[in-house]
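Have a look at the structure below before the remarks.
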Amino acid sequence: QQLGAIHDDPQNIVLPITGAELKGWRPDISEYRANSVILQSGKGSIKATVPQDGRYHPAFIYYDNTPHAAISILINGVRQGLATSSDNDNNQKLFALSKPLDLKKGDVLELRNLNDSGQYRIEDLLLLKTVFDQKTDSYTFNYIGATRPWQREEVIRITSTSPCPSRATG
């Protein structure tokens, strides 16, 4: 739910994965929750062109089902950041650069997987107008949602975004 709100926010720009240039990835247009691409073989890249000038946080939606995943985020071939995840919890994650970049129309946002083991799945790429800045002694939670996992009647999953580092256990 919260990823949908971020995805649909008119201040953000969605770079559809179906329009990206793929190398080593294959499209997966299936019953999965959204259009996505899956790593086909080896190390690959996903490229999308920035459609307009502006100050944005490059971001992407990743389905976390690969232990020790590492994805480099580049603009025009220059590494700007690194997204890592080892939760392997079958949840969608939003990765974004913490500092905005001044992007120009025609710049190329690129993702490169840094290891080739596991099944990577990436949904749309995004240019976010804002991310949630951390403020001293401020604990803000946004895009709060609650869902009951399928066939787990005794469990409720609470999700949110927050500027505060946190880990919830139940």
Working to the nearest 0.5 angstrom, can you tell me the gap between K47 NZ and E110 CD? 4.5 Å
Do the non-hydrogen side-chain atoms of V14 and D8 ever get within less than 4.5 Å of each other? no
Candidates I13, D53, N76, L127 - the one meeting side chain to side chain contact (heavy atoms under 4.5 Å, CB included) with L103: L127
May I ask you to test the I46-I17 pair for a side-chain heavy-atom distance under 4.5 Å? yes
Is there side-chain contact between V108 and I75, with at least one heavy-atom pair below 4.5 Å? no
Note: F95 and T84 closest approach over all heavy atoms is CE2-O, 3.5 Å
Would you say L109 and I73 make side-chain contact, with heavy atoms under 4.5 Å? yes
Is a side-chain N or O of D28 found less than 3.5 angstrom from the main chain of S36, in a donor-acceptor match? no
Counting C-beta onward and ignoring hydrogens, is there a side-chain heavy-atom pair between E123 and N35 closer than 4.5 Å? no
Using side-chain heavy atoms (C-beta onward) and a distance below 4.5 Å, is P27 in contact with L22? yes
Shortest non-hydrogen pair, W25 vs L39, comes out as CE3-N, 3.2 Å
Side-chain donor-acceptor pair under 3.5 Å between S45 and R112, yes or no? no
Are more than 12 heavy atoms, taken from residues, nucleotides or ligands other than Q40, located less than 6.0 Å from that residue's CD atom? yes
Checking side-chain polar atoms at under 3.5 Å, does N12 have a donor or acceptor matched by the opposite partner on H7? no
Geometric cation-pi criterion K129 and Y56, 6.0 Å radius, 45° cone: yes
If Ile, Leu, Val, Met, Phe, Trp and Tyr residues are connected whenever their side-chain heavy atoms lie under 4.5 Å apart, and connections chain through other members, are L126 and Y62 in the same group? no
Which heavy atom of L101 sits nearest to which heavy atom of P58, and what is that distance? CD1-CG, 3.9 Å
Look up atom CG in N115 and atom NE2 in H68, then write down how far apart they are to the nearest 0.5 Å. 9.0 Å
Residues in salt bridge (Lys or Arg N to Asp or Glu O under 4.0 Å) contact with R55, at least two apart in sequence or another chain: D102
Please check: side-chain N/O of H57 versus main-chain N/O of L97, any donor-acceptor pairing under 3.5 Å? yes
Is there a path of hydrophobic side-chain contacts, each under 4.5 Å between heavy atoms, that joins I6 and V131? yes
Residue pair I61 / Q92: nearest heavy atoms and the distance that separates them: CG2-CB, 4.2 Å
Are L15 and Y63 linked, directly or through intermediate hydrophobic residues, by side-chain heavy-atom contacts shorter than 4.5 Å (ILVMFWY only)? no
For the hydrophobic clusters of this structure (ILVMFWY residues joined by side-chain heavy atoms under 4.5 Å, transitively), does one cluster hold both L125 and Y120? yes
Closest approach of T49 and G106, non-hydrogen atoms and distance? CG2-CA, 3.7 Å
Between the side chain of D107 and the main-chain N/O of K104, is any donor-acceptor distance below 3.5 Å? yes
D124 and P16: which non-hydrogen atoms are nearest, and at how many Å? OD1-CA, 3.3 Å
In terms of hydrophobic clusters joined by side-chain contacts under 4.5 Å, are F60 and L128 together? no
